[in-house]
Structures are given as structure tokens and as C-alpha cells.
Asker: 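Next up is a structure, given as C-alpha cells.
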Amino acid sequence: GWMNELNGLNVLEMQLKEKLQLKDVVIVSGNSDEDAWVKKEMGKAAFHFLQKIVKPDDILAVTGGTTMFAVAEAMKPFPFDGNILFVPARGGIGEQVENQANTIVATMAKRTNGAYRMLFVPDLLSEASYKSIIQEPAIDEILGQIKSASIVLHGVGDAIRMAHRRNAASDVIDQLHEKEAVGEAFGYYFDSKGNIVHKIRTVGLQLKDLNEKKYVVTVAGGKSKARAIASYYKLGKSDVLITDEAAAKVILRDN
Ligand code: BG6
């Protein structure tokens, strides 16, 4: 019955929390690789969790992806007055418009009656243009807001799948295979030991910016992402993981 199922998920949550050394783990039932509603449930669970930690005037830095889109779709106004500002975590890293952080922060702000800023930095920039663009006052201002974010909401992807989705050059894809990249987050690709094997150069949050002052909420699920999620936890900071049952079981079994 449902009581048993709930207890089963609670046990998995406790085991995963222990294994990954997290403040919290939330697991929804199912496998988001197979059923779209499971990703929606992860979105709802992430928003539910967010309501517990968000305070008026917080700045939330958000990455792109279909999972973050599901989080955005689950949002409603927060139960307090006070401004929440949504900003993209990093500049363009090769996503389609609908998956871009810029699009997602706009949706989140609209749904919560919050505010948002977009960051327009093209993906492929020469070193020289890059250096001059980040000195533009408007870009500099939003970069400051991004760095001061108190909450970071992010997805994790399978390395090779993400590289293809971003139309990465074939030499980059070869290199990822050669270096056995399994996971991707914030435009960093890493192997199963947590070594960074490739990184997309762009402005905004860098992995080293994820310090104790930021509450990092990781949302990622699906059996096919289990390795990627486990590898992120070898190097990246995270306070809470919102995932699904299928990913949780494989992480606990194989890692
Ligand atoms: C991208 C982020 O937009 O979404 C990546 O830049 C992340 O860091 C990816 O891995 C996750 O995508 P999805 O669709 O699997 O949630």
C-alpha cells in the first residue's frame, strides 16, 4: 500500500543523505527517464523545499535545463512580501532557448511575482571580446548579483548527452570520451572520480564560488543520470538533492 511505499522512500532518503553527506534528500517515486510526470513531481518537490529556505530579498541563481524548467512550472507566489530576484547562474553555455537559464528565470519570476535579470553573453567569444564585454556596466552589475546569490538551484546532466545537446565540436566530444567524462553541471564536465575534464568558458558562477554562504539545491533524476549525479558529488558543493527513486537506487547500489 501507499504507506509502505512512503516508508520505502523515507529509508532511501536517509541512506542517500548519509552516503552523500547532505543536509537533506528528497526522493519522488518513479523514473523521470520514462515518465514525464516524474520530472514534474521533482519540480514540485524542489519548489516545496525552496519554500522552506527562501527569505525575502534573497537572490536565486538558476541554471538551465528541462529539470529546472519543471521547477519553474511548479512555482507559485511565496507566502511573504518581499522581493526575490532570479538570475541565471552563468552566461550562455549552448542551450536551446527553451532550456536556457535566461528563459527559466523569467518564468520563475513571473510565477512568483518576483524579479529577474537576464545575462546576455554569447557562447562563443574571443578572449578579447569576452574581456571587454564583462566590463560593460550592465553586465558587471548582474555578475555582482549572481556572485552574491544566497541560493543556487541547478541541474546535472549526463556528460555526453549534454555535449551533443549543446552541439559541441567533435574534438570536444572525442576528448570527453577519451577522458571518460560522465557528468556535467554549470558547464563543467567531470569524470567518475570528480576530476574536471572540460569546462565551458563563460561568466557567472564558477564551481569555486559555491561556498558555505550559498545554499545549493541540486535537482536531477532518472536512472540514466545516476552516474552523473554521483560524480557531481565527488567535487561539487550541494546542500540538498532532489531526485527520483530510479536514480537514488542506482546511486546507492553502484557508488
Ligand atoms: C543545462 C545546464 O541547461 O541543463 C546543465 O547548463 C545541466 O548544467 C543541464 O546539466 C540539465 O538538463 P536537464 O534537461 O537534464 O535537466
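In listed order, ligands and their atoms are each counted from 1. Just so we're clear, the structure is a prediction, and the values are computed from it rather than from any experiment.
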Asker: Which of these, Ala220, Gly222, Gly64, has its nearest heavy atom closest to atom 4 (O) of ligand 1?
Answerer: Gly64
Asker: Please check if the side chain of Tyr188 supplies one atom and the backbone of Leu207 the other of a donor-acceptor pair under 3.5 Å.
Answerer: yes
Asker: Report yes or no: is the cationic atom of Lys23 (NZ for Lys, CZ for Arg) under 6.0 Å from the centre of the six-membered ring of Tyr215, at an angle within 45° of the ring normal?
Answerer: yes
Asker: Tell me the protein heavy atom at minimum distance from atom 16 (O) of ligand 1, and give that distance in Å.
Answerer: Thr67 OG1, 2.5 Å
Asker: Give every residue pair that meets the side-chain hydrogen bond (donor to acceptor under 3.5 Å, both in side chains) criterion with at least one member in residues 33-45, sequence neighbours excluded.
Answerer: Asp33-Ser224, Lys39-Thr66, Glu41-Lys44
Asker: Based purely on interatomic distance, does Ile93 place a nitrogen or oxygen under 3.5 Å from a nitrogen or oxygen of ligand 1?
Answerer: no
Asker: Counting heavy atoms only, which of Gln96, Arg165, Met68 comes nearest to atom 12 (O) of ligand 1?
Answerer: Arg165
Asker: Considering only non-hydrogen protein atoms, determine which one is nearest to atom 3 (O) of ligand 1 and report residue, atom name and distance to 0.1 Å.
Answerer: Glu95 OE2, 2.5 Å
Asker: Is the backbone of Pro88 close enough, under 3.5 Å, to the side chain of Asn102 for a donor and an acceptor to pair up by distance?
Answerer: no
Asker: Please work out whether any backbone atom (N, CA, C, O) or any side-chain heavy atom from C-beta onward of His154 is under 4.0 Å from ligand 1, and answer side chain, backbone, both or neither.
Answerer: neither
Asker: So which protein heavy atom does atom 14 (O) of ligand 1 come closest to, and at what separation?
Answerer: Thr66 OG1, 2.5 Å
Asker: Should the pair Phe78 and Phe86 be assigned to parallel (<30°), tilted (30 to 60°) or perpendicular (>60°) ring geometry?
Answerer: parallel
Asker: Hey, are the side chains of Arg111 and Phe47 touching, using non-hydrogen atoms and a 4.5 Å cut-off?
Answerer: no
Asker: Distance-only, no hydrogens or angles: does the Lys225 side chain make a donor-acceptor pair with backbone N or O of Val156 under 3.5 Å?
Answerer: yes
Asker: Who pairs with Asn113 by side chain to side chain contact (heavy atoms under 4.5 Å, CB included), at least two apart in sequence or on another chain?
Answerer: Pro77
Asker: Got an N/O contact under 3.5 Å between Gly65 and ligand 1?
Answerer: yes
Asker: With heavy atoms under 4.0 Å as the rule, classify the contact between Val156 and ligand 1 as side chain, backbone, both or neither.
Answerer: backbone
Asker: Among Glu184, Arg166, Lys225, which residue places a heavy atom closest to atom 6 (O) of ligand 1?
Answerer: Arg166
Asker: Heavy-atom distances under 4.0 Å decide this one: backbone, side chain, both or neither, for Phe186 against ligand 1?
Answerer: backbone
